[in-house]
Amino acid sequence: MSRFVVPPSARSWVKVTEGSDFPIQNLPFGLIAPKGRNEAVAVAIGDYALDLLALSEAGLVSEADFPILDSFIELQGESLGVLRRCVFDLLSEDNPRLRDDKKLRERALVPLDKANPQVPIPPNAFVDFYSGIHHASNVGRMFRPDQPPLLPNYRWVPIGYNGRASSVVASGTPILRPKGQRKPPEADAPVFGPSASLDFELEMGFYLAEGSEMGKRITCSAAEDHMLGLVIVNDWSARDFQAWEYQPLGPFLSKSFATTVSPWIVTLDALEPFRIEGMEQDPEPLPHLRPHGRPHFDVELEVWLQSSKMKAPQLVCRSNMKHLYWSMSQQLAHLTSNGTPVEFGDLYASGTISGEEEGSFGSMLELTWRGAKPLQLSETGETRAFLEDGDSVVMRAYAQGDGYRVGFGECRGTIQSAKP
Ligand code: CA
């Protein structure tokens, strides 16, 4: 698939402030629902969402080529690339077509704070991988201190599990503290109640553009042609439920209560300049999982935490997508290697992406080392072992180019107390 990379020198007539996540080099897709208007597919530019349904109604985007712009259903694979190129033309600084049409411009450009972005594509399937090797090692050290940090299969198989698609929510959706079963170490029997160790997990995910038939597998070299683009994923986790339920079949209710995604799908075209080889894989993967090209991306990741008493959030984690052991292509190749079919709109999350050092860990579990080293919130002097009611978690991600940044916007959630 040929990638459309917008030159670093390109500019839009829409004002884009320095450090914005959404310069003309990005042009990510989302689904907006401004008050009093229909849901529409949109592209983020500067501080605005460009409503593509409005452009279609005005004849600026061909209705024949892109018939349905109130959802992504018809926009698979190549057609999304063509649409992105069309949007690029309309937003280029020397193109007067939309720039000089005041009435249409005012209708089509919705300020981001009024755009009410939704889950970009409500997924039919959600899979959570475990490809952050430093996270997997840290968890191993904590939970199996007498054994090697990584289980013997880790460097051979991209570990994952089928998660719950129905609880994938948009950024900003409040997160209810879940209730569940946990067994305090000193107790003889488990108890049922609100989680006492609620956590976040810093992950990235990819949406699928093009599915596959049952019996067909997607190879590492073809995998990216099936991808629509990337979002930030917060895989909220109840550690106390997880510790009690995870053996022998893996996490279940400890993860399924909510998963937050960021609003804008950043395309692989926009991320093309930020490709990297990624870390060395040793042992060499089996032939069907051998990496193809440069399958990883240099994307900076941040987690910010704000209690209800704080006026501003505090940076608690700085990491990078380069810490993934298995690439997204290898994940998809592995997932389909048994012939299972995959579908448009499936969401695949990476697993928690922690760096090697303290300060780069992508979960409270690791940041506080299971609560043993509570986090200090400097503004108020509060401490945190895990998340408390009223706490807000904001994740951000961006690739830094020369004079511009390809960003993902915010992936935000605030904890609400459990229902009585
Ligand atoms: Ca996870």
Side-chain angles (χ1 to χ4, degrees), residues 119 123 125-144 149-151 153-154 157-169 171 173 175 178 180 195 197-207 230-247 249-262 299 301-303 316-317 319-321 323-328 330-332 334-335 346-355 360-368 370 386-387 393-395 397 408 411-413 415:
V119 173
F126 169 55
V127 168
D128 192 24
F129 283 96
Y130 196 53
S131 296
I133 193 168
H134 305 307
H135 170 74
S137 303
N138 283 337
V139 171
R141 279 185 201 105
M142 266 183 262
F143 288 89
R144 299 181 305 272
L150 293 174
L151 290 170
N153 58 3
Y154 190 84
V157 180
I159 301 293
Y161 68 95
N162 285 300
R164 191 149 181 84
S166 64
S167 54
V168 171
V169 297
S171 177
T173 306
I175 302 300
S195 171
S197 24
L198 188 52
D199 202 352
F200 59 80
E201 287 193 335
L202 170 63
E203 309 197 10
M204 297 298 284
F206 65 91
Y207 268 110
L230 274 65
V231 291
I232 308 170
V233 177
N234 183 347
D235 179 34
W236 303 96
S237 301
R239 299 298 178 195
D240 37 5
F241 307 165
Q242 187 179 358
W244 175 232
E245 74 175 4
Y246 88 105
Q247 286 176 321
L249 283 185
F252 193 40
L253 303 194
S254 55
K255 306 276 190 171
S256 63
F257 56 95
T259 306
T260 305
V261 292
S262 58
V299 176
L301 308 172
E302 297 172 354
V303 183
V316 296
C317 162
S319 184
N320 189 297
M321 267 190 90
H323 296 300
L324 288 175
Y325 188 79
W326 296 102
S327 70
M328 297 181 298
Q330 289 174 316
Q331 291 168 352
L332 189 57
H334 170 62
L335 185 118
D346 285 358
L347 177 63
Y348 302 101
S350 60
T352 308
I353 309 176
S354 293
S360 68
F361 296 162
S363 67
M364 293 291 279
L365 178 74
E366 297 162 270
L367 286 167
T368 72
R370 226 178 168 178
F386 289 98
L387 298 172
V393 177
V394 178
M395 295 176 178
F408 286 73
C411 182
R412 173 187 289 268
I415 308 300

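Atoms within each ligand, like the ligands themselves, are counted from 1 in listed order. Bear in mind that the values here come from a model prediction, so they are computed numbers and not experimental data.
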* Give the intermediate values and the outcome of side chain to side chain contact (heavy atoms under 4.5 Å, CB included) for residues Ile415 and Trp236. => CA-CA 10 Å; Ile415 308 300; Trp236 303 96; 3.6 Å; yes

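Among protein atoms, those of element N, O or S found less than 3.0 Å away from the Ca ion (ligand 1) are Asp128 OD2, Glu201 OE1, Glu203 OE2, Asp235 OD2.
Side-chain N/O atoms of Ser195 and Asp240 include a donor and acceptor closer than 3.5 Å. Using modelled atom types, one finds a donor on one side chain and an acceptor on the other under 3.5 Å when comparing Glu245 with Ser254.
Contact detail for Ser167 and Ser256: the closest heavy-atom pair is OG-O, 2.6 Å.
Of the candidates His323, Glu366, His134, Glu366 is the only one forming a side-chain hydrogen bond (donor to acceptor under 3.5 Å, both in side chains) with Ser354.
Within the 4.5 Å cutoff, no side-chain heavy atoms of Asp128 are placed close to those of Tyr130.
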